Amino acid sequence: MPTTDKPNLPILQLVGVRKTFGDFVAVETLDLDVMEGEFLTIVGPSGSGKTTLLRMLAGMEAPSAGDISLRGVRINEMPPEKRPTCMVFQSLALFPHKSVGENIEFPLKMRGVPAKARKARALELMGVVRLPESYYAKNVMKCSGGERQRVALARALAYDPDVLFFDEPLSAIDYKLKKVLEKELKDLHRETGKTFVYITHSLEEAMVMSDRIGVMRSGRLVQVGTPEEIYAKPVDRFVSEFMGEVNVIAVERAAGVEDWTGVDVPGRFTLAPCQEIADAATAYVVVRPEYLRVLGEGAGADNALEGVIYNEYALGSRIQYQVRVGEKVMLVELSRAQALHAAPGQRVRLGWDARDAIAVRN
Ligand code: ATP
């Protein structure tokens, strides 16, 4: 949800928007509201249409059909520089031979702001993005990757846009620094109260930062929701698998409403009642590795499977076991305290309760 006290109204609205390049449909007809003050992230694999969608929002690409409105006014033909928006690119697009200060002040200079006021604002923005004042005169090429990221952010903020667009700005940054910058970006969003629209391949990145996430696949916006909704109620197998490593079991309806038969693993399974698959003859059951239990002697669960331990991986504080069940490999994740100390080849019984699994349509 938006973290500011601004009214919960759309700042940008897409109605029936579609984008084709010749015969190729890059973005299939979609409706989307970007709410004032929210952090919205569009995620999806390479080629799914994220950049095309962002470029249409920013005015760098005109939709082939449909309307884009800004606070209720149609802006399909409005060029990017006339929109109250600013894009932070993956490449950052900084002026390489200029100082940090000159880079940040560029938008202010274009607007004719006098030198003294420009410097004061640049120093203020450097504070916002946590760059030391001593960096003001430093050549931007002598800054580290993370520092350059902050310069690009400060420059974007100098435009004082209502909406900031981010085109995978953290994709070329190492994991540890990325984690730091993700949190900083989230803080920056809260502190500035501006609307952020961010695109990334990484759902993990999206989960950390966003109020809402839109998932794209092959040009279609398949689900929009809060991170919790996407995690707990993925609309289909694609979204659930995009969330990370999961166990997906194909099932077909057996006799009862909540009674299903395994297609790719043997067994009869109970699924929690679920609207998504109310009338379906086939479905997928998604069980996250942390919800799959290894059942000890006499222990029970709504659903159980027999398997053989096949591999074991240390994942920091957790251990992942690969368990072969028929032709399928199931993943189980246990904390180190629960480690099995079992050798490959050992038989185990896996179980999960119906409420811990998600049923998605085929
Ligand atoms: P990535 O994460 O790799 O950047 P993406 O999800 O942002 O991918 P887009 O860049 O939006 O995907 O591209 C979606 C599809 O549209 C791709 O198949 C791409 O080749 C195609 N496409 C994008 N721009 C053009 C263009 N100007 N002309 C023709 N095809 C294009």
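Order of appearance sets the numbers: ligands from 1, and atoms from 1 within every ligand. Please read all numbers here as calculations on a predicted model, not as lab measurements.
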Answer yes when D264 and K328 have at least one side-chain N-carboxylate O distance shorter than 4.0 Å, and no when they do not. yes
Answer yes or no for atom 23 (C) of ligand 1: protein heavy atom present at a distance under 4.0 Å? yes
Proximal candidate to atom 3 (O) of ligand 1 [heavy atom criterion; set G49, G219, S46]: S46
Please say whether more than 12 non-hydrogen atoms of neighbouring residues, nucleotides or ligands are located less than 6.0 Å from NZ in K179. yes
Check this for me: does any side-chain nitrogen of one of E124 and R121 sit under 4.0 Å from a carboxylate oxygen of the other? yes
Hey, is G44 one of the residues with a heavy atom under 4.0 angstrom from ligand 1? no
With the threshold set at 4.0 Å, does a side-chain nitrogen-carboxylate oxygen contact exist between D162 and R83? no
Before accepting this row, confirm whether a basic side-chain N of the pair D259/R268 lies closer than 4.0 Å to the acidic partner's carboxylate O. yes
May I ask you to decide whether K119 forms a salt bridge with E105, counting only side-chain N to carboxylate O separations under 4.0 Å? no
Measure the distance from atom 18 (O) of ligand 1 to every protein heavy atom, then report the residue, atom name and distance (to 0.1 Å) of the closest one. F24 CZ, 3.4 Å
Might you check, step by step, whether the distance between atom 12 (O) of ligand 1 and some protein heavy atom is under 4.0 Å? yes
Looking only at protein heavy atoms, identify the closest one to atom 9 (P) of ligand 1 and say how far it is in Å. T52 OG1, 3.6 Å
May I ask you to list the atoms of ligand 1 that are less than 4.0 angstrom from any heavy atom of A26? 16 (O)
Would you call R74-E77 a salt bridge at under 4.0 Å N-O? yes
Please identify which atoms of ligand 1 are closer than 4.0 Å to at least one heavy atom of E168. 2 (O)
Protein heavy atom at shortest distance from atom 30 (N) of ligand 1: F21 CD1, 3.5 Å
Proximal ligand 1 atoms for S48, defined as those under 4.0 Å from one of its heavy atoms: 5 (P), 6 (O), 12 (O)
Do any nitrogen or oxygen atoms of G47 come within less than 3.5 Å of a nitrogen or oxygen of ligand 1? yes
Of all protein heavy atoms, the one nearest atom 2 (O) of ligand 1 is K50 NZ, 2.8 Å
M87 versus M60: any side-chain heavy-atom pair under 4.5 Å? yes
Heavy atoms, side chains only, cut-off 4.5 Å: are Y321 and N311 in contact? no
A student checking ligand 1 against T51 at a 4.0 Å heavy-atom cut-off should list atoms 4 (O), 5 (P), 7 (O), 10 (O), 11 (O)
In ligand 1, the atoms that come under 4.0 Å of a heavy atom of P45 are 6 (O)
Assess M216 for proximity to ligand 1: is some non-hydrogen atom of it under 4.0 Å away? no
CD on Q322 to CD on E245, rounded to 0.5 Å: 8.0 Å
